[in-house]
Amino acid sequence: MPELPEVETIRLGLERHVLGKRVEEVVIHSARAVRKLADPAALEDDFSGRRIEEVARRGKFLWFALGGAPTAFVVHLGMSGQLLVHDTAPRELPRHTAVTVVLDGGAILFVDQRTFGYVHSSPLVETPDGLPAGTGTRLSALPALASHIARDPLDPHLDLDAVVARMGRTSSAIKRVLLDQRYVSGIGNIYADETLWHARVHPATSANQLSPEDLGRVVRTAAEVMGAAVRLGGTSFDAMYVNAEGQSGYFARELRAYGRTGGPCARCSTPLIRQVLGGRSTHLCPRCQISEQRAQWIGSGP
DNA sequence: CCCGGATCCTGCTGGC
DNA sequence: TGCCAGCAGGATCCGG
């Protein structure tokens with residue numbers, strides 16, 4: 001479920017509530033949630049007794065840096081993960097609660113219905129560029145678990161030219177490239193469709209058919225769309241996505257493509273269509289978002 | 001290299 | 001009312 005704007009909204013909420021608090025205990029309710037750990041007891045060993053100094057994020061990865069800890073406490077929310085903050089110890093756990101982090105005053109609950117999410121204790125590795133690793137951290141240290149993903153469009157240290165150059169070397173469909181966290185991270189199915197609608201690019205266009213200018217525009221559009229979504233608290237369709245305080249976001253009403261099959265394009269009123277691309281539902285305007293080849297063909301017509 | 005498909009899960013919706 | 005297929009915001013692996 002959660003893409004960059006939702007994870008960032010959650011991160012902001014956590015920052016407000018848990019910075020400086022001390023971890024007293026990590027309770028694992030679901031073995032599956034710690035499947036990445038060879039030894040689940042590491043969570044307790046690595047973090048209990050330590051204070052939360054940073055709540056950081058890159059793309060859809062979120063992590064806590066704790067004073068003196070050898071590793072970072074990493075959370076990936078998968079399709080349905082939630083992080084809920086309680087300022088007092090919860091007396092009853094929500095269904096699908098997988099992990100509880102008990103704090104000195106309150107708790108953080110990791111709740112995950114579809115169980116694709118996980119928590120981990122991951123060593124911090126230096127970023128290749130020596131710059132801060134993501135949003136919410138001053139450290140140039142990234143959890144090893146997240147070191148394979150690129151910076152995200154809202155990261156001030158994103159090297160746009162380098163990203164564009166890499167994208168221009170693949171013939172994969174631009175939507176697939178946007179979803180590939182190794183080029184640029186944080187974009188999921190909703191924001192990929194929204195970005196391409198705003199940028200007027202057909203999702204199936206090969207990335208190497210787009211000019212560097214177009215690719216740059218696509219990435220900047222992704223940043224604009226996701227920035228606007230963060231300001232509205234993310235996209236909530238139902239209770240599956242809520243922020244750390246249990247509240248919904250309001251970006252769903254701003255969606256122009258995602259989930260609007262058959263509805264009128266906000267630019268040209270043409271009914272939007274749905275296609276499957278890269279195994280994912282893809283929503284687009286068949287008139288505004290023409291493929292590059294077709295654009296050239298039309299442009300060269302009589 | 002590139003693509004499509006399957007896979008890991010649970011739960012909801014819509015059609016019959 | 002019940003059942004079942006299909007679908008869901010992620011990520012990864014495999015075969016062709």
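Side chains are part of it too, since the values below use all heavy atoms of this structure and drop only hydrogens, waters and symmetry mates. Letters A, B, ... mirror the listed sequences (proteins, then strands); counts begin at 1. Quick caveat: nothing in here was measured; it's all calculated off a predicted structure.
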### Task
Considering only atom P, compute the distance from dA6(B) to dA5(C) and round it to an integer number of Å.
15 Å

### Nearest-Å distance once atom C1' is located in both dC3(B) and dG9(C)
23 Å

### Pair Arg22(A) + Glu24(A): basic N to acidic O under 4.0 Å
yes

### Query
Salt bridge between Arg220(A) and Glu224(A), side-chain N to carboxylate O under 4.0 Å?
no

### Query
Below 4.0 angstrom from OP1 or OP2 of dG11(B), is there any side-chain N or O of His96(A)?
yes

### Query
How long is the line joining CG of Asp193(A) and P of dA8(C), in whole Å?
11 Å

### Message
Can you check the distance between dC8(B) and dC3(C), where both ends of the measurement are the P atom (answer in whole Å)?
### Response
25 Å

### Euclidean distance, Ile187(A) CD1 relative to Leu178(A) CG, rounded to 0.5 Å
4.5 Å

### Any Tyr191(A) side-chain nitrogen or oxygen under 4.0 Å from OP1 or OP2 of dG9(C)
no

### Summary
When rounded to whole Å, the CG to P distance for the pair Asp180(A) and dA11(C) reads 10 Å

### Query
Taking only N and O in the side chain of His76(A), is any of them less than 4.0 Å away from OP1 or OP2 of dA11(C)?
yes

### Summary
Protein heavy-atom contacts under 4.0 Å, written 5' to 3' over nucleotides 2-7 of chain B as B (base), S (sugar-phosphate only) or - (none), form the string SBB---

### Message
Using a strict heavy-atom distance below 4.0 Å, which residues from residues 114-123 of chain A are in contact with DNA chain C?
### Response
Arg114(A), Phe116(A)

#### Entry: Atom pair CG (Leu77(A)) and CD (Gln82(A)), whose distance is rounded to the nearest 0.5 Å
9.0 Å

### Summary
Given Watson-Crick and G-U pairs under 3.5 Å, DNA chain B in dot-bracket ([ ] crossing, | other strand) is .|||||||.|||||||

### Message
Classify Arg95(A) by what it touches in the nucleic acid, base, sugar-phosphate, or nothing, heavy-atom distance under 4.0 Å.
### Response
sugar-phosphate

### Shared hydrophobic cluster, Leu19(A) / Leu139(A) (ILVMFWY, side-chain heavy atoms < 4.5 Å)
no

### Summary
note: Asp112(A), atom CG; dC8(B), atom P; distance rounded to Å ~ 17 Å

### Message
Counting only side-chain nitrogens and oxygens, does His148(A) get under 4.0 Å of the OP1 or OP2 atom of dT12(C)?
### Response
yes

### Task
In whole angstrom, give the distance that lies between atom CZ of Phe237(A) and atom P of dC7(C).
16 Å

### Query
Taking atom P of dG9(C) as reference, at what distance in whole Å does atom CZ of Arg260(A) sit?
17 Å

### Summary
Taking every heavy atom of Ala141(A) against every heavy atom of Trp63(A), the minimum-distance pair comes out as O-CZ2, 4.0 Å

### Message
What is the separation between atom CG on Leu255(A) and atom P on dG9(C), rounded to the nearest whole Å?
### Response
12 Å

### Side-chain N,O (Gln181(A)) to OP1/OP2 (dA11(C)) below 4.0 Å
yes

### Summary
Between CE of Met240(A) and P of dG11(B) the distance, given in whole Å, is 10 Å

### Message
Can you tell whether the side chains of Arg256(A) and Asp193(A) come within less than 4.0 Å, N to carboxylate O?
### Response
no

### Query
Do any side-chain nitrogens or oxygens of Arg280(A) fall under 4.0 Å of OP1 or OP2 in dG10(C)?
yes

### Query
Between dG10(C) atom P and Arg182(A) atom CZ, what is the distance in whole Å?
16 Å

#### Entry: Electrostatic pair Arg57(A):Asp152(A) at N-O distance under 4.0 angstrom
yes

### Summary
Between the CE atom in Met240(A) and the CG atom in Asp112(A), the distance rounded to the nearest 0.5 Å is 8.5 Å

### Query
Are any of the side-chain nitrogens in Lys60(A) or Glu6(A) under 4.0 Å away from the carboxylate oxygens of its partner?
no

### Query
Do you know which of Arg32(A), Arg35(A), His96(A) makes side chain to side chain donor-acceptor pair (under 3.5 Å) with Thr115(A)?
Arg32(A)

### Task
Tell me whether the OP1 or OP2 atom of dG9(C) has a side-chain N or O from Lys60(A) closer than 4.0 Å.
no

### Task
Treating Ile, Leu, Val, Met, Phe, Trp and Tyr as nodes and any side-chain heavy-atom pair under 4.5 angstrom as an edge, say whether Tyr118(A) and Leu43(A) lie in one connected cluster.
no

### Ring centers of Phe237(A), Tyr258(A) separated by less than 6.0 Å
yes

